[in-house]
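Quick notes on the structure that follows.
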Amino acid sequence: MRLPIPPPGQHRREYLIKNSFKNTKKLKDFSAEITGTVQGHRDGHGFVVPDDGSPDLYLPPNEMRAVLHRDRVKARVAAYDRKGRPEGRVVEIIERSNQPIIGRLLQENSTWLVAPEDKRYGQDVIIPKDAIAHAQPGQVVAVELTELPALYGQPVGRIREVLGDIDDPGMEVEIAVRKYGVPHLFSDECLRLAKALPATVQSADWPGRVDLTDVSLVTIDGEDARDFDDAVYCEPATLSGRGKAAKAGWRLLVAIADVSRYVHNGNAIDIDAYDRATSVYFPRRVIPMLPEKLSNGLCSLNPGVDRLCMVCDMLITGEGEIHAYQFYPAVMHSHARFTYTEVAAILSNTKGLEARKYKARVNDLLHLHGVFQSLLSARNRRGAMDLETVETQIICDENGHIEKIIPRERNDAHKLIEEAMLAANVCAADFITRNKQTGLYRVHEGPTPEKVEILRNYLKVLGITASVSDEPTPGELAAVAEATKDRPDAEQIHTILLRSMQQAIYSPEKTGHFGLAYSQYAHFTSPIRRYPDLLVHRSIKAILNSRQYTPPESWVALGEHCSMTERRADDATRDVDAWL
């Protein structure tokens, strides 16, 4: 863009700024204030991420001297650079981040300081000699600020916690949980309440529940799973009609741990569960949402013991459509704890070693595979996306050192359980909606226009001729995935397709799930490790008891909190993976 010559008597900088503003997107004018969160950058500059979702505002290094990463501020546009990009100035610090700063204690000459592990903080923290506690140079510590940063002064702090040496096993997790503010200690009242719970199902729990202890429900999970919150059973069923008019289908039972029986609205366990809102899975450690007494014991559908559960009992057609369903509380008895590897081996060879080991369960597994095939055909007709991206698993030795990194194989057993859970989740959303109950839905919106354009350009560069419309359907993106699945760069392409979509969130507004091609969808199947599922259970139970469930705060606030904690868990686990 060629700028006109300024008229006589007008200051050149003032003129350039004014005319640059005319030729750029008017994100904000010079008088408008932007409220948002500071996001630092390791190179010294930063950004204000506005609350209203508008474009980020650049903060030059001198503006970052008085603020820190995660501070909430008010800022305004101060100038525009040569390319027309706005530069901001902080006019007010609304709220300082209360997260401790994690870093290594260093001594330079006679000065003690902590170099933050998260380089987005951009400044070392000065530690007075009497505030280093018992920490030694080089150790990882958590710092609480006592003097805030200023234009001409570094922040000052005191050591609040010594985490240990940088090479200690598990240090990467200790850093991540503090860096991202993941709650990792249960309150004393929560632990006391959990300890007081019985170790087994009590006789007083049976009334009002369906006895499913003689039904061959089984769990199918990974080798390293410790909490089992879902069990499945399937048998052939005749759906309607007689003789030639009869339709063959399936009866599928999905039994889910009845966590809401023990975690009551507003009690100490519920408060801690809400704060966490999700379990966080690291390579060698789990930060559970619930105390171990519940997550691995009383609520876990362990084999050979009675457990309380909520059941989604479905009739599914041979074409994979849900013909009918009902929800009810029950008592179950898991007849086997399978791994995905074992089930895949049995399905591939019904006369093999694994099949002989579980001879009594082989027919049940074949029925599960049958309903899976039906559900899969319905998925394909729906146009749901099935992106094959490779996840890795980090294998460590007893000392925490990495032995190997291997790809996680996804076989038919994984997909079988996934389809069964999807069916139950769809029924949960429908049940809440039909009964005019409010609840949390899992919402996933399609690509924005900007991301559609990026995707088109990317596919064009790769020579992929598949078309993507201005408002693509899941089927369009699924067609791109199918057309490219045999290419050597298929994983990269599928990752780009995944990133073209918006992030899934929790919301009381049922605007649908784009990726799965559902008009409404809720999370029902993992209440041991996800708080939204626990809320859905409470809503379903309220309907069954002809009443309305009212949570302690608004559904909108609950959705925002659960979405935030999910992102927090993702950030922490990615951080640990990158460290390892």
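Across all their heavy atoms, Glu174 and Leu163 have their closest contact at O-CD1, 4.2 Å. Summarising the geometry of Gly157 relative to Val143, their closest heavy-atom pair is CA-CG1, 4.0 Å, with the distance given to 0.1 Å. Taking every heavy atom of both residues into account, Pro288 and Ser295 meet most closely at CB-OG, 4.3 Å. Asp230 and Ile256 make their closest contact through CB-CD1, 3.5 Å (heavy atoms, listed as atom of the first residue, atom of the second, distance). Across all non-hydrogen atoms, the minimal contact from Thr565 to Asp275 is CG2-O, 4.0 Å. Closest non-hydrogen pair, Thr219 versus Arg337, comes out as OG1-CA, 3.5 Å.
Side-chain atoms of Thr35 do not come within 3.5 Å of backbone N or O of Lys74 as any donor-acceptor pair. Checking side-chain atoms of Lys293 against main-chain N and O of Lys195 turns up a donor-acceptor pair under 3.5 Å. Asp533 places a side-chain N or O within donor-acceptor distance of the main-chain N or O of Thr525, the cut-off being under 3.5 Å. No donor-acceptor pair closer than 3.5 Å links the side chain of Thr37 to the backbone N or O of Arg70. At least one donor-acceptor pair closer than 3.5 Å links the side chain of Glu63 to the backbone N or O of Val90. The backbone N or O of Arg120 sits nowhere less than 3.5 Å from a side-chain atom of His41 that would complete a donor-acceptor pair. A donor-acceptor contact shorter than 3.5 Å is absent between the side chain of Gln502 and the backbone of Pro447. A side-chain donor-acceptor contact under 3.5 Å links Arg307 to the backbone of Gly297. Not one N or O on the side chain of His513 forms a donor-acceptor pair closer than 3.5 Å with the backbone of Ala504. In terms of modelled atom types and a separation under 3.5 Å, the side chain of Gln154 and the main chain of Asp124 share a donor-acceptor contact.
Within a 6.0 Å sphere centred on CG of Asp188, heavy atoms belonging to other residues, nucleotides or ligands number 12 at most.
If you take CD1 on Ile132 and CH2 on Trp112, they are separated by 4.5 Å, rounding to the nearest 0.5 Å. Between the CD1 atom in Ile406 and the CD1 atom in Ile394 there is a gap of 10.5 Å [rounded to 0.5 Å]. Expressed to the nearest 0.5 Å, how far CZ of Phe228 lies from CG of Asn302 amounts to 6.0 Å. Distance CD/Glu509 to CH2/Trp555: 12.5 Å, rounded to 0.5 Å. Distance check, rounded to the nearest 0.5 Å: OH of Tyr281 to CD1 of Ile287 gives 11.0 Å. To the nearest 0.5 Å, the span separating NE2 on His45 from CD on Glu87 amounts to 11.0 Å.
No side-chain heavy atom of Ile454 sits under 4.5 Å from any side-chain heavy atom of Ser500. In this structure, Leu68 and Val38 have side chains that are not in contact, with every pair of non-hydrogen atoms separated by 4.5 Å or more. Two residues are said to be in side-chain contact when any heavy atoms from C-beta on lie closer than 4.5 Å; Leu57 and Pro50 fail this criterion. Within the 4.5 Å cutoff, the side chain of Tyr506 has heavy atoms near those of the Ser563 side chain. A 4.5 Å side-chain heavy-atom check between Val73 and Val48 finds at least one atom pair inside the cut-off. Arg568 is not listed as a side-chain neighbour of Val280, based on a closest heavy-atom distance of 4.5 Å or more.
Using modelled atom types, one finds a donor on one side chain and an acceptor on the other under 3.5 Å when comparing Asp270 with Tyr531. With hydrogens and angles left out, the side-chain atoms of Asp258 and Ser260 include a donor and acceptor closer than 3.5 Å. Side-chain polar atoms of Asn425 and Arg442 form no donor-acceptor pair below 3.5 angstrom.
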(request) Go through the steps for Arg96 and Leu148 under the test side chain to side chain contact (heavy atoms under 4.5 Å, CB included), then give the verdict. (result) CA-CA 9 Å; Arg96 292 285 187 176; Leu148 299 172; 3.4 Å; yes
(request) Under the side chain to side chain contact (heavy atoms under 4.5 Å, CB included) rule, what do Tyr458 and Ile493 come out as? Steps first, then yes or no, please. (result) CA-CA 9 Å; Tyr458 175 78; Ile493 295 169; 4.1 Å; yes
(request) Start with the C-alpha distance between Glu566 and Arg530, add both sets of side-chain angles, then the distance that settles salt bridge (charged side-chain N to carboxylate O under 4.0 Å, His left out), and finish with yes or no. (result) CA-CA 9 Å; Glu566 181 182 47; Arg530 288 190 309 226; over 6 Å; no
(request) Step by step, work out the side chain to side chain contact (heavy atoms under 4.5 Å, CB included) result for Ile93 and Val67. (result) CA-CA 8 Å; Ile93 299 170; Val67 296; 3.9 Å; yes
(message) Quick one, Tyr262 with Leu290, criterion side chain to side chain contact (heavy atoms under 4.5 Å, CB included). Give me CA distance, side-chain angles, the key distance, then yes/no.
(response) CA-CA 11 Å; Tyr262 305 106; Leu290 300 172; over 6 Å; no
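For His523 and Tyr521, the distance between ring centers is under 6.0 angstrom.
In summary, of the residues considered (Ser97, Pro100, Pro155), a side chain to side chain contact (heavy atoms under 4.5 Å, CB included) with Leu145 occurs for Pro155 alone.
Take Leu193 and apply the side chain to side chain contact (heavy atoms under 4.5 Å, CB included) test, not counting sequence neighbours, and it matches Asn267, Ala268, Ile269.
We find that Asp571 and Arg574 are joined by a salt bridge, their nearest charged nitrogen and carboxylate oxygen being less than 4.0 Å apart. Salt bridge absent: Glu172 and Arg285 never bring a charged side-chain N and a carboxylate O closer than 4.0 Å. Remark: Asp227 does not engage Arg529 in a salt bridge, criterion side-chain N to carboxylate O under 4.0 Å. Contact check on Glu117 versus Arg178 returns no salt bridge, with no Lys/Arg side-chain nitrogen under 4.0 Å from an Asp/Glu carboxylate oxygen.
Relative ring orientation between His414 and Tyr340 is described as parallel, the plane-to-plane angle staying below 30° on a 0-90° scale split at 30° and 60°.
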